[in-house]
Amino acid sequence: MATSNESKGSGQRILLTLALWVIPVVAVVLGSRQWLPPLASEHGAGIDFMLHYLLITVGGLFVIGHIALGYFVWRFGGQERPAFRLPSFRTERNWSLVPVLVMALVAEGGILVLGLPVWAKFYDTAPPEDSVTVEVTAEQFAWNVRYPGRDGQFGRTDPKLLSLSEPLGLDRSDPATRDDIVGLNEIWAPVNAPLHVRLRAKDTLHSFFLPNLRVKQDAVPGMTIDFWFVPTKEGTFELACAELCGFGHFEMRGLLHVLPRDEFDNWLREQSPPQ
Ligand SMILES: [Cu+2]
C-alpha cells in the first residue's frame with residue numbers, strides 16, 4: 001500500500017518537475033520567433049535590438065527560475081513531512097536581495113544603456129534642415145494630413161473656423177494657406193530622408209502608430225508634438241491608431257507611402273502647382 005502511494009507520489013513529482021522545465025523553454029522558443037513586422041526605419045534597429053535584448057535576458061531569467069523551482073520539487077517533493085532548516089537572517093536577506101539587484105541591473109540597466117540613446121535621438125534632437133515636414137491632425141476617426149506647399153509655411157488655422165468642409169479650420173485669407181496641400185489618411189514621404197511630423201489632435205487622445213517604422217506617439221488635444229524619423233524602405237505601410245479613441249477606432253487606418261526622391265518631388269509638384 002505504502003509502496004503504491006509512494007510511486008504515485010513520485011510520478012506526480014516527476015510530471016510536475018518536467019512541466020516546470022518544459023513549459024518555460026517552449027514559451028521562450030515560441031516567443032523568440034520572428035514576430036515584429038519587417039523593419040523600415042533607421043532608428044528602428046535600436047528599438048528592435050532593445051526588444052531582443054530584453055527577450056533574451058528576461059527569458060533567460062525566467063528559464064533559470066523555473067529550472068531551480070523544478071529542481072526543488074524533484075529533490076524535496078517526496079518527503080513525508082515538509083521540513084526546512086531556518087536559515088540565518090543574513091542568508092535569507094542576501095538570497096532575496098541579490099537576485100532582485102541582478103534582475104534590476106540586467107533589465108533596467110539594459111534599457112537605460114541601450115534604450116536611452118534611441119529615445120534621445122528620437123525626441124531630443126531637432127529635425128534636420130533637409131526634413132520633409134508634414135502636419136498630421138488626428139480626429140475621430142481619421143488622419144488629416146497637411147504639407148506646407150511651395151512656400152514651406154503652414155497657413156494659419158483657427159478653431160473658430162472649424163466646420164465639416166473645413167476640418168482643419170484653415171484661414172483661407174492667409175496667403176500662406178493658398179499652397180498648403182491637404183489630404184486625408186495618406187502620407188507621402190521620400191525614402192532615406194528625414195520626415196518631420198507635427199502631430200496634433202482635435203478631439204481626444206489618439207496614437208500615431210507605424211508598426212513597420214517602430215514609431216508610436218500619442219496625439220494630445222491642445223499640443224503640437226514634433227518628432228522625426230527616417231524611412232529606409234520604399235513601399236506602402238500601415239498607419240494605425242493605437243489609442244482606443246471611440247466606437248470607430250478600428251477604422252482609423254491610414255497609409256504611409258514611401259517613394260523614391262524624384263517620384264516624391266513629382267508628387268509634390270503636382271499637388272502644389274506654381275501660382
Ligand atoms: Cu484614434
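Remember, it's 1-based here, ligands and their atoms both numbered in the order they're listed.
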Knowing that exactly one of Arg200, Glu139, Lys202 qualifies, which makes a side-chain hydrogen bond (donor to acceptor under 3.5 Å, both in side chains) with Asn144? Glu139
Can you confirm if the aromatic rings of Phe227 and Phe208 lie within a centre distance of less than 6.0 Å? yes
Give a yes or no on whether His249 keeps an N, O or S atom under 2.8 Å from the Cu ion (ligand 1). no
Inspect the contact between Glu42 and Lys233 and indicate whether a charged nitrogen and a carboxylate oxygen are less than 4.0 angstrom apart. no
Salt bridge or not between Asp265 and Arg261? Use side-chain N to carboxylate O under 4.0 Å. yes
Apex the Cu ion (ligand 1); atoms Cys245 SG and His206 ND1; angle rounded to 10 degrees: 100°
Angle at the Cu ion (ligand 1): provide the value between SG of Cys241 and SD of Met252, rounding to 10 degrees. 110°
